Amino acid sequence: MANHNIKAGTKSVWAGEKEYLVHGATQVPVVLSVAYGYDDMDEWYDVAIGKKKGHIYGRNTNPTVQAFEDKVKILEGAEAATSFSTGMAAISNTLSTFLVPGDRIVSIKDTYGGTNKIFTEFLPRQQVEVVLCETGNHEQIEKEVAKGCSILYLETPTNPTVKITDIERMAKAGREAGALVVVDNTFGTPINQNPLALGADLVIHSATKFLGGHADALGGVVCGPEELVEKIYHFREINGATMDPMAAYLLLRGMKTLHLRVRQQSENAMALAKFLQTQELVEGVYYPGLETHPNHEIAKKQMKGFGGMLSFAVKGGVETVRDLLPKLQFANRAANLGAVETTVGPARTTSHVECTPEERAAMGIPEGLIRISCGIEDIEDIIADFEQAFQHVESVLKV
């Protein structure tokens, strides 16, 4: 698929699959074999050392998994991609590949809870200096990067407060300092945002979320220049966080409708965000598509769509959350996102369950914050569902 004018929707359906089709099949098969046999010893050796294309052992590579990697690679406009068992494996393996004791990493305070734990708990144990800047304070980030660092790690939009960082501006600061610029694009998706085109070195996805889109397969992936991805792949093949072939098949199947799902989810999120702004119980709505969002102009510049994720804070905190969420009929109360079904939950049980209330407060995440992953349902039904849930809570409060 060499034509760079091909649109993302067409790539979602066709990219990366053709060479893996067999016996006239129109779908990539699930290859469950652990080992791959060779009669020619020299050929086996050439494949084993990477001189020739092929597979030798499932922990290293697999045809179904490789088809998934190729599709993501093409969608992100990358030279190479390698996959992992989970999104957190993609993040932790990437950081571990390039960081050694004595290194310095600069990031933002508003990262996913698991990522934040790596920054605050695990990397310091390995004598890696971690500097977490205020998200959106580009001057502070630039100042810290200029002091010297090995990696500048960004997540935009952030989980769960959907804050935005200017990727192009930060990538420039990273390049000038000789830092590797890594961007978690899970919320952005390749449909709405392409960090590599904005100057980032590596882009990471939790494939479990929007890429798969059906909440039935775990996976992670990192894309970028072949030289960098090869190093990450080597770390992963030895340490063993390999993607399962059946998960790769499910993710491939899900990605065929990625552009359709993300388009609908983005439209739904915008409409729901505007509705939430009208509700008396709502203290604040966080969605980059709203003109009231502090980084709306940056989001407009670097995103093709504003995504299916939003969050809002309610008056009354945790007690209101307890009353409101169980009344929703068309929303899963679960710790997941990016699926075709609308999914809701407070940060205290989803994105930042690993953190203490004090740690969440330090990151600007109130206990009354509710994260919403919009699904593909008819938005009129979702808004009506939230409306009746708000009415229930308001009636309880009046009593």
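This one's a predicted model, so the numbers in the text were calculated from it and none came from an experiment.
Y45 shares a hydrophobic cluster with I49; the chain of contacts runs through ILVMFWY side chains whose heavy atoms sit under 4.5 Å apart. By the 4.5 Å side-chain criterion applied to Ile, Leu, Val, Met, Phe, Trp and Tyr, I298 is assigned to a cluster that also includes I164, M303.
Hydrophobic cluster membership differs between L95 and F235, with clusters built from Ile, Leu, Val, Met, Phe, Trp and Tyr side chains linked at under 4.5 angstrom. Note: the hydrophobic cluster containing Y233 does not contain Y57 (ILVMFWY, side chain heavy atoms under 4.5 Å, direct or indirect links). At a threshold of 4.5 Å between side-chain heavy atoms, the hydrophobic network of Ile, Leu, Val, Met, Phe, Trp and Tyr places L99 and I118 in one connected group. L154 and F119 fall into different hydrophobic clusters, where Ile, Leu, Val, Met, Phe, Trp and Tyr are joined by side-chain heavy atoms under 4.5 Å apart, directly or via other members. In the hydrophobic clustering of ILVMFWY residues, with side-chain heavy atoms under 4.5 Å counting as a link, V182 and L132 come out together.
Using bins of under 30°, 30° to 60° and over 60° for the plane-to-plane angle, the ring pair F390/F275 lands in the tilted bin. Using the six-membered ring where Trp is involved, Y38 and W44 have ring planes that are parallel, under 30° apart on the 30 and 60° scheme.
Judged by distance alone, with hydrogens and angles left aside, the side-chain atoms of Q388 form a donor-acceptor pair with the main-chain N or O of K327 at under 3.5 Å. Looking at H259, its side chain never comes within 3.5 Å of a backbone N or O of K7 through a donor-acceptor pair. Remark: the backbone N or O of N295 is not paired with any side-chain donor or acceptor of E297 at under 3.5 angstrom.
K172 and E168 are not joined by a salt bridge, as no carboxylate oxygen comes within less than 4.0 angstrom of a charged side-chain nitrogen. Checked for salt-bridge contact, K53 and E19 meet the test: a charged N lies under 4.0 Å from a carboxylate O. The pair E79-K73 does not meet the salt-bridge criterion, since no charged nitrogen lies less than 4.0 angstrom from a carboxylate oxygen.
Heavy atoms from other residues, nucleotides or ligands lying under 6.0 Å from NZ of K304 number more than 12. For E226, the CD atom sits in a loose shell: 12 or fewer heavy atoms of surrounding residues, nucleotides or ligands are nearer than 6.0 Å. Within 6.0 Å of atom NZ in K315, more than 12 heavy atoms from other residues, nucleotides or ligands are found, so the atom counts as buried in its surroundings. Remark: K256 NZ is packed, more than 12 non-hydrogen atoms of other residues, nucleotides or ligands lying under 6.0 Å away. No more than 12 heavy atoms of other residues, nucleotides or ligands lie within 6.0 Å of CD in E227, so this atom counts as exposed by the packing criterion.
Nearest heavy atoms, T242 versus G58: CG2-O, 3.5 Å. Between A179 and L152, the shortest heavy-atom distance links the atoms CB-N, 4.3 Å.
With hydrogens and angles left out, the side-chain atoms of T342 and E377 include a donor and acceptor closer than 3.5 Å. When only modelled atom types and interatomic distance are considered, T111 and E155 share no side-chain donor-acceptor pair under 3.5 Å. At a cut-off of 3.5 Å, with distance as the only test, no side-chain donor of D110 or T158 sits close to an acceptor on the other residue.
Qualifying salt bridge (charged side-chain N to carboxylate O under 4.0 Å, His left out) partners for K274, counting only residues two or more places apart in sequence or in other chains: none.
K147 is not listed as a side-chain neighbour of V131, based on a closest heavy-atom distance of 4.5 Å or more. Two residues are said to be in side-chain contact when any heavy atoms from C-beta on lie closer than 4.5 Å; P63 and H55 meet this criterion. Residues S266 and I191 have side chains not in contact (no heavy-atom distance under 4.5 Å, counting atoms from C-beta outward).
One finds the CG atom of L211 at 11.0 Å from the NZ atom of K71 (value rounded to the nearest 0.5 Å).
Across V314, L325, V321, L281, a single residue satisfies side-chain contact (heavy atoms from CB on, under 4.5 Å) together with V393, and that is L281.
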